[in-house]
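Here's the structure, in structure tokens; my notes come after.
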Number of protein chains: 2
Amino acid sequence: MSNKTSPWSKDWYKEHDPIYIATDCIIFGFDEGILKLLVFKRRVEPQKGAYSLIGSFVKLNESVTDAAKRVLEEITGLKNVFMEELRTYNEVMRDPGYRCISIGQYALIRISDYDNELVEKHGAIWYPFNELPELVLDHDIMVKDALTRLRRKARYQPIGFELLPEKFTIPQLQNLYEAIYQKQMDSRNFRKKVLSFGVLIKLNEKDKLSSKKGAFLYKFDYDKYQQLVASGINFEV
Amino acid sequence: MSNKTSPWSKDWYKEHDPIYIATDCIIFGFDEGILKLLVFKRRVEPQKGAYSLIGSFVKLNESVTDAAKRVLEEITGLKNVFMEELRTYNEVMRDPGYRCISIGQYALIRISDYDNELVEKHGAIWYPFNELPELVLDHDIMVKDALTRLRRKARYQPIGFELLPEKFTIPQLQNLYEAIYQKQMDSRNFRKKVLSFGVLIKLNEKDKLSSKKGAFLYKFDYDKYQQLVASGINFEV
DNA sequence: GCAAAAGTGTTTGACGTACACCCATGG
DNA sequence: CCATGGGTGTACGTCAAACACTTTTGC
């Protein structure tokens with residue numbers, strides 16, 4: 001199976017086997033109180049019609065991160081999205097086509113911001129997390145891994161904000177955490193906790209969409225957050 | 001820069017660029033109360049004489065995990081070592097030789113068990129963590145990442161045991177944690193905490209090497225640990 | 001008998017958790 | 001005027017952190 005020919009000239013590398021590298025994006029969104037995932041209905045063979053994550057091969061002249069950013073922008077129109085490497089999926093037989101290692105990356109999207117036309121044009125669909133169809137290859141495992149990571153990560157870093165609009169209310173934030181952890185939380189304790197970190201700026205506006213009284217909007221204080229992290233503070237929600 | 005020729009036949013893959021994949025191992029050991037790392041003095045070009053981590057290219061017919069296990073056994077003689085993927089190092093220019101992505105994996109070794117002859121034969125050296133020489137490429141970053149991960153991981157999983165002999169004393173265990181976190185701990189609180197999990201089995205033997213009174217030996221109860229994890233218990237040391 | 005490490009309990013403060021009522025407003 | 005979600009405070013228990021002395025034994 002080892003292939004000693006190589007398209008490249010340097011002798012030192014020649015003895016080794018180059019491998020195809022892909023990256024697959026596990027893209028989370030939060031909308032109408034539910035956690036969603038952006039999946040893709042394949043319009044070409046192989047496995048036409050099946051659902052998969054959004055991914056791409058990594059090119060010789062781009063980093064894996066760049067590849068993922070490229071795909072993400074292609075499909076959602078968004079740049080500067082929160083994204084993080086999950087792990088590699090490197091089993092020899094994971095892809096029946098040919099030996100191909102995929103690097104899973106999960107991304108958090110402000111679902112209010114993405115370009116819906118682009119998304120539809122590419123055959124991508126936002127699926128509620130609890131109603132996901134089966135996905136090709138090992139993509140189901142990637143999704144499971146990503147949720148595990150999101151849950152762990154959200155406990156000690158306030159990444160929840162990445163999924164919400166810039167201005168959000170405390171009840172919205174609580175809904176998000178309830179969706180991530182799939183459990184109800186006490187509103188008094190939740191509010192106390194998130195405000196105690198001192199990284200939320202209360203605005204003079206209210207959001208009246210979900211109640212008659214209206215809830216105050218807040219925004220995330222990135223500078224303050226950086227300071228606190230630098231001084232070694234621990235966030236746990 | 002894109003290279004459209006390919007050594008493989010399937011058309012679908014032909015359009016893409018295969019890339020070299022390597023894995024580098026960040027191997028921790030614990031000896032004489034200090035945390036150590038297994039590094040390697042290169043005996044061939046490029047960078048002959050420089051220090052690096054131990055690594056290998058990943059072959060077409062092996063998974064990344066298998067590749068790392070292969071290297072690890074080659075150099076230490078050990079199988080069944082605790083090992084975990086760290087992350088990928090995928091910058092386009094990280095390796096001046098050719099485009100090569102490396103997958104960092106960290107491993108924990110019982111320093112009492114490894115085969116010293118093998119290690120020396122391969123030019124590998126155990127270095128105290130605080131006196132590491134500069135390493136080639138981005139290996140310094142890998143080491144830093146691995147330590148960060150080890151610290152985080154050791155907080156909620158009892159992986160410390162992987163670095164100690166099968167039978168160990170509580171003071172030894174405390175030394176290890178002090179080495180990992182680089183801070184002193186209170187022996188009464190430490191003992192109380194680790195015993196409270198109920199995953200240590202007290203033996204009827206004492207270790208007299210480090211004190212006249214002698215300290216009781218314990219061993220780790222893997223079964224009990226599995227049960228507790230399954231029932232959702234949280235370990236925090 | 002003394003030096004050196006092992007082993008043992010208690011007190012205090014912080015924080016997580018549980019819990020119930022009033023407020024503001026659109027309809 | 002009432003239904004709906006927003007907002008607030010307190011009491012209790014748990015657990016982490018601080019802290020000092022006795023025990024054993026090789027030399």
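Protein chains get the first letters and strands the later ones, always in sequence-line order, with residue 1 at the start of each.
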Exercise. Counting only non-hydrogen atoms, which of residues 171-188 of chain A are less than 4.0 Å from DNA chain D?
Worked result: A:Pro171, A:Arg188
Exercise. Can a donor-acceptor pair be found between the side chains of B:Tyr51 and B:Glu134 at a distance below 3.5 Å?
Worked result: no
Exercise. In whole angstrom, what separates B:Lys193's NZ from C:dG9's C1'?
Worked result: 18 Å
Exercise. Are A:Leu108 and A:Phe28 close enough that some pair of their side-chain heavy atoms sits under 4.5 Å apart?
Worked result: yes
Exercise. Under a 4.0 Å heavy-atom cut-off, which of residues 199-219 of chain A touch DNA chain C?
Worked result: A:Lys208, A:Lys212, A:Lys213
Exercise. Taking CG from A:Asn189 and P from D:dT8, how many angstroms apart are they, rounded to a whole number?
Worked result: 14 Å
For this session: Ignoring hydrogens and angles, state whether a donor on the side chain of B:Asn175 or B:Tyr177 is under 3.5 Å from an acceptor on the partner side chain.
Result: no
Exercise. Whole-Å distance between C:dT17 P and A:Arg191 CZ?
Worked result: 18 Å
Exercise. Okay, side chain of B:Gln157, backbone of B:Ala154: is any donor-acceptor separation there less than 3.5 Å?
Worked result: no
Exercise. Between the base of C:dT10 and the side chain of B:Lys192, is there any donor-acceptor pair under 3.5 Å?
Worked result: yes
For this session: Report yes or no: is the cationic atom of B:Arg87 (NZ for Lys, CZ for Arg) closer than 6.0 Å to the six-membered ring centre of B:Tyr89, at no more than 45° off its axis?
Result: yes
Exercise. How many Å lie between CZ on A:Phe168 and P on D:dG6, as a whole number?
Worked result: 15 Å
Exercise. Side chains of B:Tyr225 and B:Asp223: is there a donor and an acceptor less than 3.5 Å apart?
Worked result: no
Exercise. Is there a donor-acceptor contact under 3.5 Å linking the side chains of A:Asp207 and A:Thr169?
Worked result: no
Exercise. More than 12 foreign heavy atoms under 6.0 Å from CD of B:Gln182: is that the case here?
Worked result: yes
